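Counting convention: from 1, in listed order, for ligands and their atoms alike. Nothing here was measured: the structure is a model prediction, and the numbers come from that model.
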Amino acid sequence: MEKIEQLVEKAQELLGGNADVIAASPGRVNLIGEHIDYCDGFVMPFALDRYIVIAALKNGTNQAKFSSVGMPDVTIPLGQALECDEPKWGNYLRGVIHGFFQRGLVPPGFDACLVSSVPGGAGLSSSAALECAVATLLEGLCGVTLEKKAKALLCQKAEHDFAHVPCGIMDQFASTFGEKDKLVMIDCRTGEPTMVPFENPNLTVIIANTRVHHELSDGGYALRRKHTEDALAIIGKSSWRDVTMADVEAVWETMGSPVNLRARHVVGEISRTQDAAKALAAGDFETLGRLMYESHLSLKDDFAVSCRELDIMVEIAKEIGQEGGVIGARMTGGGFGGSTVTLCESHRAQEIIETMAQEYEKRCGITAEIFSSRPSLGAHLVKIGNNGGWSWDPK
Ligand code: GLA
């Protein structure tokens, strides 16, 4: 895996000169609290030590030109309202630039090169990493610093309006607020993040990318969100935080399937996430592990966003079990493919990664991408010295 320093080096090389501004923004993994960020729930993600890095050089025009190896170049006119266009990946860029324009912020023209160590389409939020990296780059080019929450919301709006995914706030918040050794616990009702220490060296988080493609813009995500809205309307409350399991059961038949199943997931997952936060604080890893497995089952059976490969990856972790150092495992992110998250004892992590890789390949015939990550710094500008040299200063 390329470290951020290597990514910065590579982006500068591609740019062919010393950048004026360099921005970095991470992907995320979510420990628990899935598909409830758009239901006023709680989520517990952290910023991965996997980044998208963008290096930019002012070009004296009123255009922004983005290039990335293996992707078609994107040219965007600056200083005017933007709309969706081809190539498709440029819509994340257009969406964020449009958001800045709406705030009266127009950067000078620039050429930008982009490199990434965030696996794409893997449920690890490469799109939020991209949006937040562009927003951070634009802050640097415009000479402003947006309030973090406003910046995350601007990026979320870019995803809604330009990528047409009606996502919640988790990914952009994790990417923006991330800190070293901290979880970004978000109360999605108030929209306030709380930084929760996660520095126990005996705990390791393993991310396993099943390499089964995950595409949220093809309708499955939006449909799940709609089911939850329909359910809440039938239950007759204004927020999921005020809904109990008894409320769900009372209108079970009226809601019908699958809306009633979606409702059961939301209420269960909100309480599991609160319980998980308590278990983590108390060092009760047995409870935490159980809640992770329960979360996976609920996402599989009630929310129907898992897939065979995700289930197998979780099953393998469960088989390794406590004796093998595994605390708990579940799918993470939007689902329909993508990655699992496994919490384990650090001294067994390497062994666990190897077993998971071997078993997964044996059972699915796919080579997974499996790695561990500690909570890392969120979106930031990389400092550039007077001589064009740069230094990474994560505070
Ligand atoms: C995607 C969305 C998030 C969240 C997760 C599921 O990553 O972007 O807002 O809804 O799915 O928890």
* Asked: What is the ring orientation for Phe303 with His265, classed by angle as parallel under 30°, tilted 30 to 60°, or perpendicular over 60°?
  ->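 Ring orientation, 0 to 90° scale: tilted.
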
* Give the ring-plane orientation class for Phe336 versus His35, where under 30° counts as parallel, over 60° as perpendicular and anything between as tilted. => perpendicular

* Asked: Are Asp247 and Lys237 close enough for a salt bridge, meaning some N to O gap below 4.0 Å?
  ->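 Salt bridge present between Asp247 and Lys237.
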
* Asked: Can Glu139 and Lys151 be counted as an ion pair, charged N to O under 4.0 angstrom?
  -> yes

What do you reckon, does [X] have a nitrogen or oxygen under 3.5 Å from a nitrogen or oxygen of ligand 1?
X      : value
Tyr38  : no
Asn30  : no
Cys167 : no

What are the atoms of ligand 1, with element, lying closer than 4.0 Å to any heavy atom of [X]?
X      : answer
Asp37  : 3 (C), 4 (C), 9 (O), 10 (O)
Glu34  : 6 (C), 12 (O)
Tyr221 : 1 (C), 2 (C), 3 (C), 4 (C), 9 (O), 10 (O), 11 (O)
Gly168 : 9 (O)
His35  : 6 (C), 12 (O)
Met170 : 4 (C), 5 (C), 12 (O)

* Check whether any side-chain heavy atom of Thr228 lies under 4.5 Å from a side-chain heavy atom of Trp240, and answer yes or no. => yes

* Could you tell me the separation between the OG atom of Ser126 and the OH atom of Tyr92, rounded to the nearest 0.5 Å? =>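 One gets 7.0 Å once the value is rounded to the nearest 0.5 Å.
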
* Asked: Under 4.0 angstrom from ligand 1, any heavy atom of Ser125?
  ->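 No, Ser125 has no heavy atoms under 4.0 Å from ligand 1.
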
* Contacts of type side chain to side chain donor-acceptor pair (under 3.5 Å), residue Glu345, not counting sequence neighbours ->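 With sequence neighbours excluded, Glu345 shows a side chain to side chain donor-acceptor pair (under 3.5 Å) to no residue whatsoever.
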
* Just jot down the side chain to side chain donor-acceptor pair (under 3.5 Å) partners of Asp85, sequence neighbours excluded, or say none. =>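 Once residues adjacent in sequence are excluded, Asp85 has no partner under the side chain to side chain donor-acceptor pair (under 3.5 Å) criterion.
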
* To do: With heavy atoms only and a cut-off of under 4.0 Å, state how Arg28 meets ligand 1: side chain, backbone, both or neither.
  => side chain

